[in-house]
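Below you'll find the structure, written out as structure tokens, and then a few comments.
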Amino acid sequence: MLSIKNIRENFEEVEAGLAKKHVKADLDHLIKLDDKRRQLIVETDELKNLKNKASKEIPQLSGQDKEKKIAQMKESQAKSKTLERELEEIKTEIDATLVKLPNPAHESVPEGADEQDNVVIDTWGKKPSFDFKPKDHVDIGKDLDIIDIERAAKVSGSRFSYIKGQLVLLELALVWFALDKLIKKGFTPMLPPVLVKEAAMYGTGFLPADEAQIYKTALDDLYLIGTSEVPLASYHSDEIIEEEKLPLRYTGFSTCFRREAGAYGKDTRGMFRVHQFDKVEMFSFCSPDKSYEEHDFIRQTEEEMMQELGLPYRVVNICGGDLGAPAAKKYDLEIYLPGQDKYRELTSCSNCTDFQARRLNIRMRTDKGNQLLHTLNGTAIAVGRTIIAILENYQQKDGSVKVPEVLQKYTGFEVIKK
RNA sequence: GGAGGAGUCGCAUAGUGGUUGAGUGCAGCCGCCUGCUAAGCGGUUAAGCUGGGAAACUGGCUUCGAGAGUUCGAAUCUCUCCUCCUCCGCCA
């Protein structure tokens, strides 16, 4: 969320940042509303001041003087209530507008309307060459009996999967691999709740923007998280953190749930786009003047993991029109999938600046007073998609799949085979 | 799910309609005292909004789990909700 103060003080910058996201907002109208709000605050505060004084005087008075004063206050309090109601309405209107405005894009974000305009800034690794026709993960999984999508459809519907046998151990190996690395880099591991209250969804900016993507429970006003970013960000809500403790880094491992509404035709084959998957996530609470450094750190960490896993990828700077509401800037790592002969999104990391911090009320204590901090998130390992990438990139002619070397100490085997 | 109890300024507590601009203790910080330490004495320690002022600074308002209500006036009374605790039931 933006603050009205920020809009007043950095009008042109905010306007430009929103324009980059292809969002048009009537900021002039907002400022007019805020003028009215301030004026009403002055008026109601005067009346409240009067009230406070009177409630000290009244007990000292008696008889007619007392009756008179009470009658007088009755009248002025009625007026005060009316003004306060007016003030509430204006505040509600301002907030309703602000909560819908996305975080303005950073100046280093490329211009553009959609995916087509994202900018590839780096490419790593060599696409594997095969002396046979490579299969996609669906066929590999079926042939080795380690992925069962048909039975998942029977039990849960489309876009679900069973992971079986050796692949289960590969998943856990990936999780261990990520956690080992991140703990060394100062991340505190967390197993967060996967059901959260509405406030956590609003606080992180998934509501109201992405309502259609979120599962909601029928009887309990709780939402299933689409990423552990939600409970990790909310962990410190309404807190003030000492500046010396920043950056505070957490890594959350959780199952994630996404409705994938509006993706009906997309990625229907296999488990690339499913309703449920496991993910190791990085999250950082950071001082505002260091957040772009931290963003690079998170991106580099993602790249290191891909390199150690030996998966060819490219880095994409997401353009303004393709950015979500909370992010001021975002990088995606796209992984090469031989089964599709394409680079596909595997991880992404965002600098949300103070957008989530304002909604969640997370500040840092500095010598110069308290101020909102910045929040950043990045995928460490999106397990499902990483499994796809490993199966397709490490497949062999005989139908078996080699285990990337860095994972072998966790799996205890070197090859997945029949 | 049923029955009770509780939520006050970092922690602990006082406070059942009006001198509460929320007191006291502990802890923290600063100073004094002091061979050292301890003790003692004095001061100080929340957040948000808003007005005046170039600024230093200064005035006002709000916040006692959250929201609504009663009242001229609510930490205090009423209602709803949230969280935690105890007991019973059920359960991985």
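Side chains are part of it too, since the values below use all heavy atoms of this structure and drop only hydrogens, waters and symmetry mates. Nothing here was measured: the structure is a model prediction, and the numbers come from that model. In what follows, chains are A, B, ... by sequence order, proteins preceding strands, each numbered from 1.
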Examine distances only and state if a side-chain atom of [X] and a backbone atom of [Y] form a donor-acceptor pair shorter than 3.5 Å.
X	Y	answer
A/Arg363	A/Ile240	no
A/Glu260	A/His275	no
A/Thr411	A/Ala173	no

Legend entry - Integer angstrom distance from the P of B/C90 to that of B/C82: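 Their P atoms lie roughly 25 Å apart.
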Inset, instruction - In whole angstrom, give me the gap between the C1' atoms of B/U76 and B/G15. - result: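 Between the two C1' atoms, the distance is 8 Å.
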Whole-Å distance between [N] [atom2] and [X] [atom1]?
X	N	atom1	atom2	value
A/Asp45	B/C61	CG	C1'	4 Å
A/Glu46	B/U50	CD	P	16 Å
A/Arg8	B/C49	CZ	P	14 Å
A/Glu57	B/G18	CD	P	17 Å
A/Leu50	B/G51	CG	P	20 Å
A/Gln39	B/C61	CD	P	19 Å

Inset, instruction - Choose from B/G48, B/C61, B/G73 the nucleotide whose nearest atom is closest to any side-chain atom of A/Asn370. - result: B/G48
Inset, instruction - Go through residues 87-99 of chain A and report each residue with a non-hydrogen atom lying under 4.0 Å from RNA chain B, sorted by number. - result: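 None - not one residue of the stretch has a heavy atom sitting under 4.0 Å from the strand.
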Legend entry - Distance-only polar pair, side chains of A/Glu392 and A/Gln340, donor-acceptor under 3.5 Å: no
Inset, instruction - Return yes if a side-chain donor-acceptor contact under 3.5 Å exists between A/Tyr292 and A/His374, otherwise no. - result: no
Legend entry - Criterion side chain to side chain donor-acceptor pair (under 3.5 Å) on A/Glu304 and A/Gln300, from CA distance to verdict: CA-CA 6 Å; A/Glu304 265 174 49; A/Gln300 280 157 17; over 6 Å; no
Inset, instruction - Represent RNA chain B in dot-bracket notation, 5' to 3'. Only Watson-Crick or G-U wobble pairs with both distances under 3.5 Å count; pseudoknot-style crossings use [ ] and interstrand partners use |. - result: ((((((((.[[[[.)..(....]]]]((((((.......))))))(((((((....))))))).[[[[[..)....]]]]])))))))....
Inset, instruction - Could you pull out all residues at least two apart from A/His295 that satisfy ring pair (Phe, Tyr, Trp, His ring centres under 6.0 Å)? - result: A/Tyr331
Inset, instruction - Considering just the side-chain nitrogens and oxygens of A/Lys197, establish if one lies under 4.0 Å of OP1 or OP2 belonging to B/C81. - result: no
Inset, instruction - To the nearest 0.5 Å, tell me how far A/Ile4 CD1 sits from A/Leu30 CG. - result: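 One finds 4.5 Å between CD1 of A/Ile4 and CG of A/Leu30.
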